[in-house]
Amino acid sequence: EVQLVESGGELVQPGGSLRLSCASSGFIFSNYGMSWVRQAPGKGLEWVARINNLGESTTYADSVKGRFVITRDTAKNTLYLQMNSLTPEDTADYYCAKELTPSGPLYFDYWGRGLQVTVSS
């Protein structure tokens, strides 16, 4: 069965950094693009970043461009999100999501349970 398990969330101060991880299993990791999606309290889902199946290309939402970096490790079947220069606007539940194709449109068929990130003094 497909599983996506996020880890690394915590309370962090504004201006700080955090790295989220998403351990995957149950599918051939290198065959699919992966994304991070977040949901702030009381808000809708916001796509954050994506990386194609082999890590050859990445794309970011304007809200995080230049601050966040998405990477993946094929040997470990793990997706990462390095978050820098965090602000309270980044407070949200963060989800990793499996895409349907190696590098196609942003549609997802499996999601992690989510990880809470709170940016506050």
Side-chain angles (χ1 to χ4, degrees):
E1 65 188 75
V2 172
Q3 291 191 94
L4 300 171
V5 182
E6 301 99 336
S7 62
E10 62 182 283
L11 176 66
V12 63
Q13 294 183 335
S17 296
L18 199 64
R19 188 173 80 154
L20 306 184
S21 298
C22 173
S24 70
S25 61
F27 65 98
I28 302 174
F29 186 64
S30 60
N31 282 359
Y32 299 95
M34 298 287 292
S35 284
W36 288 97
V37 181
R38 68 185 182 184
Q39 185 169 35
K43 303 290 183 64
L45 292 169
E46 178 190 19
W47 170 81
V48 174
R50 69 101 60 88
I51 186 167
N52 78 344
N53 64 314
L54 297 179
E56 300 160 321
S57 65
T58 58
T59 312
Y60 299 90
D62 288 342
S63 59
V64 306
K65 196 173 299 180
R67 298 189 298 120
F68 290 13
V69 180
I70 185 171
T71 57
R72 65 194 297 163
D73 187 330
T74 299
K76 296 181 178 180
N77 293 335
T78 300
L79 176 74
Y80 302 96
L81 183 68
Q82 178 66 46
M83 305 186 294
N84 302 312
S85 301
L86 288 163
T87 76
E89 295 294 308
D90 296 314
T91 294
D93 290 333
Y94 284 74
Y95 301 86
C96 67
K98 174 183 173 291
E99 299 175 8
L100 302 183
T101 67
S103 189
L106 293 174
Y107 294 99
F108 314 107
D109 56 0
Y110 290 94
W111 297 66
R113 289 191 174 188
L115 187 68
Q116 185 177 81
V117 173
T118 300
V119 184
S120 176
S121 298

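Small disclaimer: the values here were computed from a predicted structure and weren't measured.
Other residues, nucleotides and ligands place no more than 12 heavy atoms under 6.0 Å from the CD atom of Glu89.
Cluster membership for Leu4 and Val37, using ILVMFWY side-chain heavy atoms within less than 4.5 angstrom, is not shared. In the hydrophobic cluster analysis, where Ile, Leu, Val, Met, Phe, Trp and Tyr join through side-chain heavy atoms closer than 4.5 angstrom, Phe68 is grouped together with Trp36. Under the 4.5 Å side-chain heavy-atom criterion for ILVMFWY residues, a single connected hydrophobic cluster contains both Leu106 and Trp111. Under the 4.5 Å side-chain contact rule for hydrophobic residues, Val48 and Phe108 do not share a cluster. Tyr80 and Leu20 fall into different hydrophobic clusters, where Ile, Leu, Val, Met, Phe, Trp and Tyr residues are linked whenever their side-chain heavy atoms come under 4.5 Å apart, directly or through other members.
Taken to the nearest 0.5 Å, the OH atom of Tyr94 stands 9.0 Å off from the CG atom of Leu18. Between the OH atom of Tyr110 and the SG atom of Cys96 there is a distance of 13.5 Å, given to the nearest 0.5 Å. Interatomic distance, Arg72 CZ to Ser24 OG, rounded to the nearest 0.5 Å: 8.0 Å. The distance from atom CG of Asp93 to atom CG of Leu45, rounded to the nearest 0.5 Å, is 10.0 Å. The CZ atom of Arg67 lies 5.0 Å from the OG1 atom of Thr87; values are rounded to the nearest 0.5 Å. In this structure, OG1 on Thr58 lies 15.0 Å from CE on Met34, to the nearest 0.5 angstrom.
Between the side chain of Asn53 and the main chain of Ser30, a donor-acceptor pair closer than 3.5 Å is present. Using modelled atom types, no side-chain atom of Thr59 and backbone atom of Arg50 make a donor-acceptor pair closer than 3.5 Å. Within the 3.5 Å criterion, the main-chain N or O of Val119 finds a donor-acceptor partner in the side chain of Thr91. Judged by distance alone, the side chain of Glu6 and the main-chain N or O of Arg113 form a donor-acceptor pair under 3.5 Å. Remark: the backbone N or O of Ile70 is paired with a side-chain donor or acceptor of Tyr60 at under 3.5 angstrom. Between the side chain of Arg19 and the backbone N or O of Gly8, no donor-acceptor pair lies under 3.5 Å. Between the side chain of Ser120 and the main chain of Thr118, no donor-acceptor pair closer than 3.5 Å is present.
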Check step by step if side chain to side chain contact (heavy atoms under 4.5 Å, CB included) holds for Thr71 and Gln82.
-> CA-CA 8 Å; Thr71 57; Gln82 178 66 46; over 6 Å; no
Check the pair Ile51, Leu79 against side chain to side chain contact (heavy atoms under 4.5 Å, CB included), reporting the backbone distance first and the verdict last.
-> CA-CA 9 Å; Ile51 186 167; Leu79 176 74; 3.7 Å; yes
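Scanning both residues, Asn52 and Glu56, for their nearest heavy atoms gives OD1-N, 2.7 Å. Across Gly112 and Tyr95, no two heavy atoms sit closer than the pair O-CD2, 3.4 Å.
Figure legend: cation-pi geometry between Lys98 and Tyr32, with NZ or CZ positioned under 6.0 Å from the six-membered ring centre and within 45° of its axis.
Between Phe27 and Phe29, the ring planes are tilted. Angles from 30° to 60° get that label.
Contact check for Ser63 versus Arg38: side-chain heavy atoms found under the 4.5 Å cut-off.
Side-chain contact check for Ser17 and Asn84: at least one donor-acceptor pair (N or O, by modelled atom type) lies under 3.5 Å.
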